Amino acid sequence: QVQLVESGGGSVQAGGSLRLSCAASGRTIGTYTLGWFRQTPGKERDFVAASMWSPGNTYYPDSVNNRFTISRDNAKNRVYLQMNSLNAEDTALYYCAAKSDNVNLRTPGSWAYWGQGTQVTVSS
């Protein structure tokens with residue numbers, strides 16, 4: 001079992017930045033693919049970023065590419081999401097997730113472990 005706890009959410013003006021953090025416990029994350037998703041009320045959970053444990057690549061959808069960066073510190077058992085140039089469409093509840101393979105990264109149902117989420121609100 002992997003337990004995940006997100007932090008770092010908050011309110012920011014459009015154009016600003018936030019850094020989300022996710023602390024993992026229960027297992028070391030070195031052999032897990034880690035990801036971030038986001039969700040707004042009434043909508044499906046959307047894929048935001050993934051950091052694959054092997055071969056170590058990162059993967060983003062077009063909606064956040066070049067604005068968001070996922071990184072991981074395996075020694076600290078943490079994964080981060082640096083978000084720059086935020087806009088109102090980025091407002092959502094952001095979730096950290098973990099899985100043991102590198103397939104179906106965009107599909108929420110394929111991820112085994114989830115945090116409780118941290119709210120990000122971007123005002124224009």
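The model shown is predicted, which means the values in this text are computed figures rather than measured ones.
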Legend entry - 4.5 Å side-chain heavy-atom contact, Glu44 and Pro108: no
Legend entry - Among Phe47, Tyr94, Phe68, ring pair (Phe, Tyr, Trp, His ring centres under 6.0 Å) partner for Phe37: Phe47
Legend entry - Verify same cluster id: Leu4, Trp36 (apolar side-chain graph, 4.5 Å): yes
Inset, instruction - Determine yes or no for a side-chain-to-main-chain donor-acceptor pair under 3.5 angstrom, with Asp73 supplying the side chain and Lys76 the backbone. - result: yes
Legend entry - CG on Leu86 to OG on Ser11, rounded to 0.5 Å: 11.5 Å
Inset, instruction - Decide whether Met83 and Val64 are clustered together by the hydrophobic rule: side chain heavy atoms of Ile, Leu, Val, Met, Phe, Trp, Tyr closer than 4.5 Å, transitively. - result: yes
Legend entry - From CG (Asn104) to NZ (Lys99), nearest 0.5 Å: 6.0 Å
Inset, instruction - Could you grab the distance from atom CG of Leu93 to atom OG1 of Thr121, nearest 0.5 Å is fine? - result: 9.5 Å
Inset, instruction - Assess whether side chain to side chain contact (heavy atoms under 4.5 Å, CB included) is satisfied between Arg45 and Trp111, documenting all intermediate values. - result: CA-CA 12 Å; Arg45 198 166 292 189; Trp111 293 76; over 6 Å; no
Legend entry - Joint cluster assignment, Tyr95 & Val2, ILVMFWY side-chain distance < 4.5 Å: no
Legend entry - Verify same cluster id: Tyr60, Val79 (apolar side-chain graph, 4.5 Å): yes
Inset, instruction - Determine the minimum heavy-atom distance between Ser17 and Ser85, stating which atoms define it. - result: OG-N, 4.3 Å
Inset, instruction - Show your working on side chain to side chain contact (heavy atoms under 4.5 Å, CB included) between Arg38 and Val120 and close with a plain yes or no. - result: CA-CA 9 Å; Arg38 64 186 181 187; Val120 172; over 6 Å; no
Inset, instruction - Indicate the atoms forming the closest heavy-atom contact of Ala50 with Leu105, along with that distance. - result: CB-CD1, 4.1 Å
Legend entry - Heavy-atom closest pair, residues Thr40 and Ala92: CG2-CB, 3.7 Å
Legend entry - Backbone of Ser7 reached by a side-chain donor or acceptor of Thr118 within 3.5 Å: no
Inset, instruction - Measure across Gln1 and Arg27 and return the closest heavy-atom pair with its distance rounded to 0.1 Å. - result: O-CG, 3.3 Å
Legend entry - Heavy-atom donor-acceptor pair, Gln82 side chain to Arg19 backbone, under 3.5 Å: no
Inset, instruction - Treat each ILVMFWY residue as a node, draw an edge where side-chain heavy atoms are under 4.5 Å apart, and state whether Tyr80 and Leu20 are in one component. - result: no
Legend entry - Main-chain N/O of Met52 paired to Tyr59 side chain as donor or acceptor, under 3.5 Å: no
Inset, instruction - Would you mind reporting whether Asn102 and Asn57 have side-chain heavy atoms less than 4.5 Å apart? - result: no
Inset, instruction - Please answer whether the main-chain N or O of Ser51 pairs with a side-chain N or O of Thr58 as donor and acceptor at a distance below 3.5 Å. - result: no
Inset, instruction - Please report the shortest heavy-atom distance between Ala24 and Ile29, naming the atom on each side. - result: CB-CG2, 3.4 Å
Legend entry - Closest contact, heavy atoms only, Leu81 versus Ala49: CD1-CB, 4.0 Å
Legend entry - Non-hydrogen side-chain atoms of Thr28 and Asn77 separated by less than 4.5 Å: yes
